[in-house]
Trainee: 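I have a structure here, written as structure tokens, and I will follow up with some questions on it.
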Amino acid sequence: MKERKNREKDLLRKNRHSILFNNLEMKAIEAYCSKYKVENKSRFMRETIIIEILKKFDEDYPTLFDVEKPNLFSR
């Protein structure tokens, strides 16, 4: 029961972070949200950032062998 409470406590969003956009970036965000009917911009931005972070972590994950990604243009 205590572990569950700790987990729930860790999942609370209590850390605030600000971000500034220029006019063109904001216009692009507004157009995207309008086109794709994004109702919760905070959730959208949070998920987008976390998805990119997790993708990068996945790409950087160590492998057993150092194998380069195949390149179709070189031998």
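Nothing fancy with the numbering, it's 1 onward along the sequence.
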Trainee: Among the clusters formed by ILVMFWY side chains lying less than 4.5 Å apart, do Ile19 and Val38 turn up in the same one?
Mentor: yes
Trainee: Where do Lys41 and Glu30 land on the side chain to side chain contact (heavy atoms under 4.5 Å, CB included) test, with the steps shown first?
Mentor: CA-CA 9 Å; Lys41 290 179 192 169; Glu30 294 294 337; 2.8 Å; yes
Trainee: Heavy-atom count check: over 12 atoms from other residues, nucleotides or ligands less than 6.0 Å from Asn23 CG?
Mentor: no
Trainee: Looking at CD of Glu47 and CG of Asn40, how far apart are the two atoms once the value is rounded to the nearest 0.5 Å?
Mentor: 8.5 Å
Trainee: Give me each pair satisfying ring pair (Phe, Tyr, Trp, His ring centres under 6.0 Å) with a member in residues 22-43, each pair once, sequence neighbours excluded.
Mentor: Tyr32-Tyr36, Tyr32-Phe44
Trainee: Nearest 0.5 angstrom please: Met45 CE to His17 NE2, how far?
Mentor: 13.0 Å
Trainee: State the OG1-CZ distance between Thr48 and Arg43, to the nearest 0.5 angstrom.
Mentor: 10.5 Å
Trainee: Give a yes or no on whether Met26 and Ile49 share a hydrophobic cluster (residues Ile, Leu, Val, Met, Phe, Trp, Tyr; joining criterion: side-chain heavy atoms under 4.5 Å apart).
Mentor: no
Trainee: Can you list the residues that meet the side chain to side chain donor-acceptor pair (under 3.5 Å) rule with Glu39, with sequence neighbours excluded?
Mentor: none
Trainee: Should we count CD of Glu8 as having more than 12 external heavy atoms under 6.0 Å?
Mentor: yes
Trainee: Among all residues two or more places apart in sequence or in another chain, which pass the side-chain contact (heavy atoms from CB on, under 4.5 Å) test with Asn22?
Mentor: Leu24, Glu25
Trainee: Calculate, to the nearest 0.5 Å, the distance between atoms CG and CG belonging to Leu11 and Asn6 respectively.
Mentor: 11.0 Å
